[in-house]
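Below: the structure, in structure tokens.
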Amino acid sequence: MKNSTLLICILVVLAVLLGSLTLLKKQETEPQPVETVQSPPPEPVRLPIVHYPVPETEALPAQADSAQPEETQAAQHSASEEKLPQVQQSDETISQALKGLIPDAQLLKVLRLDNFVQRLVSTIDRLPEKRLPRQNLPAYPPEGKFTVDEDKQGQLFISPANAKRYEAYLKILKYTPEDLVLKAYVHFYPLFQEAYRQLGYQNAYFNDRLVFVLDHLIQTPDPEEPIAVEQPVVLYTYKDQYLENLSAGQKCLMRMGRAQRLEAVEILRRYRLELTNLAP
């Protein structure tokens, strides 16, 4: 190999070595990009779904109406001027309002006025279930015993006389002015909502649940009477298994008797219509 060729090869090798060293030094001195771990986007805030909103609390009408009893006027005037109490301290306020809505003292005795808001909300919530806790009911049980008739073959039927035990409850529905009931409901709605929240429903609205329960009660079947029952142990049960599997709320309507049940369902249907159109 000629000296010139050998010199060229040495220069090429030196150039490669110098280039490698320079690149290596540059990589050591230059800051390396830091990998960033992107945090997941925050979950969207879950807002309650309101199907049937209730307007903001409005005062009950305080204007006197000569056609209304004095107790009703006084209750309305009192409720319109006061600020709503906490649900746990609402017994006196609710009692005064109920006395205005139900001036008949005998009918008022049907209701349990202590913790009435909590009792009412809890009971309404559980009407579509199979059992109702008696200790939480907003009304006292009907007086007298559940009565049945027996035919010649020994078959038991619900007695028509049994319907009389439920007359007081139907009268409360029939003779309480529906427009005043709705005004009172809107006025006291924050108490109902708070009681519903205390049951564990942090992301739901009581009015939605109430409409759902009304729909459920309105769908109560209308069987031919008399309705056959049997007594396997102590309590009576419906002989028809379909009726026996009804909810506690629907069975309450069944025990009222057909004529009273149809009246009650029609009233509930009107309330359902009003409750779904409360938004201004």
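For the single chain, residues carry numbers from 1 onward in sequence order.
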Report whether [X] and [Y] are members of the same hydrophobic cluster (ILVMFWY, side-chain heavy atoms less than 4.5 Å apart, transitive linking).
X	Y	answer
Phe146	Phe157	no
Leu173	Leu262	no
Ile218	Tyr242	no
Tyr166	Met254	no
Leu235	Val148	no

How many angstroms lie between [atom1] in [X] and [atom2] in [Y], if you round to the nearest 0.5 Å?
X	Y	atom1	atom2	answer
Tyr175	Asp104	OH	CG	10.5 Å
Lys171	Glu263	NZ	CD	11.5 Å
Leu217	Ile124	CG	CD1	9.5 Å
Cys252	Arg261	SG	CZ	12.0 Å
Glu225	Ser159	CD	OG	10.5 Å
Glu244	Asp240	CD	CG	9.5 Å

Is there a donor-acceptor contact under 3.5 Å from the side chain of [X] to the main chain of [Y]?
X	Y	result
Asn277	Leu273	yes
Asp208	His51	yes
Glu230	Lys239	no
Asp91	Asn115	yes
Gln250	His216	yes

Would you call [X] and [Y] a side-chain contact if the rule is heavy atoms closer than 4.5 Å?
X	Y	result
Val229	Gln155	no
Leu278	Tyr52	no
Arg255	Arg165	no
Asn207	Pro53	no
Tyr236	Leu156	yes
Val213	Pro128	yes
Gln198	Gln88	yes
Pro221	Leu246	yes

Ignoring hydrogens, what is the shortest heavy-atom contact between [X] and [Y]? Give both atom names and the distance.
X	Y	result
Val186	Pro190	O-CD, 4.1 Å
Pro160	Asp149	CD-OD2, 3.5 Å
Val87	Val117	CG2-CG1, 3.8 Å
Arg209	Tyr196	CB-OH, 3.4 Å
Val211	Leu275	CG2-CB, 4.1 Å
Ala248	Leu132	CB-CG, 3.7 Å

So, applying side chain to side chain contact (heavy atoms under 4.5 Å, CB included) with Leu191, which one of Thr93, Ile94, Leu120 is it?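 With Leu191 as partner, Thr93, Ile94, Leu120 yield a single side chain to side chain contact (heavy atoms under 4.5 Å, CB included), made by Ile94.
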Would Asp114 and Arg119 count as a side-chain contact (heavy atoms from CB on, under 4.5 Å) if you check the C-alpha gap in whole Å, the side-chain angles of each, and the deciding distance to 0.1 Å? CA-CA 8 Å; Asp114 60 305; Arg119 292 179 184 277; 2.9 Å; yes
Test side-chain contact (heavy atoms from CB on, under 4.5 Å) on Phe116 and Leu98; report intermediate values, then the result. CA-CA 10 Å; Phe116 182 80; Leu98 288 173; 3.9 Å; yes
Taking atom CD as the centre, does Gln86 end up with more than 12 heavy-atom neighbours from other residues, nucleotides or ligands that are less than 6.0 angstrom away?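 It does not: Gln86 CD has 12 such atoms or fewer within range.
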So that I know where these two stand, are Tyr185 and Tyr189 an aromatic pair - ring centroids less than 6.0 Å apart?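 So the answer is yes for these two rings.
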Donor-acceptor contacts, no H, no angles, side chain residues 136-144, under 3.5 Å, sequence neighbours left out:
none

Apply side-chain contact (heavy atoms from CB on, under 4.5 Å) to the pair Phe206 and Val54, showing each step before the final yes or no. CA-CA 10 Å; Phe206 175 67; Val54 176; over 6 Å; no
Would you sort out whether Tyr169 and Gln260 count as a side-chain contact (heavy atoms from CB on, under 4.5 Å), showing the intermediate values? CA-CA 10 Å; Tyr169 306 95; Gln260 293 189 140; over 6 Å; no
Quick test of your reading: applying side-chain hydrogen bond (donor to acceptor under 3.5 Å, both in side chains), list the pairs with at least one residue in residues 264-274, sequence neighbours left out, ordered by first then second residue.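 Output for this query lists Glu178-Arg270, Asp215-Arg272.
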Validation: residues 105-112 side-chain donor-acceptor distances under 3.5 Å, sequence neighbours left out:
none

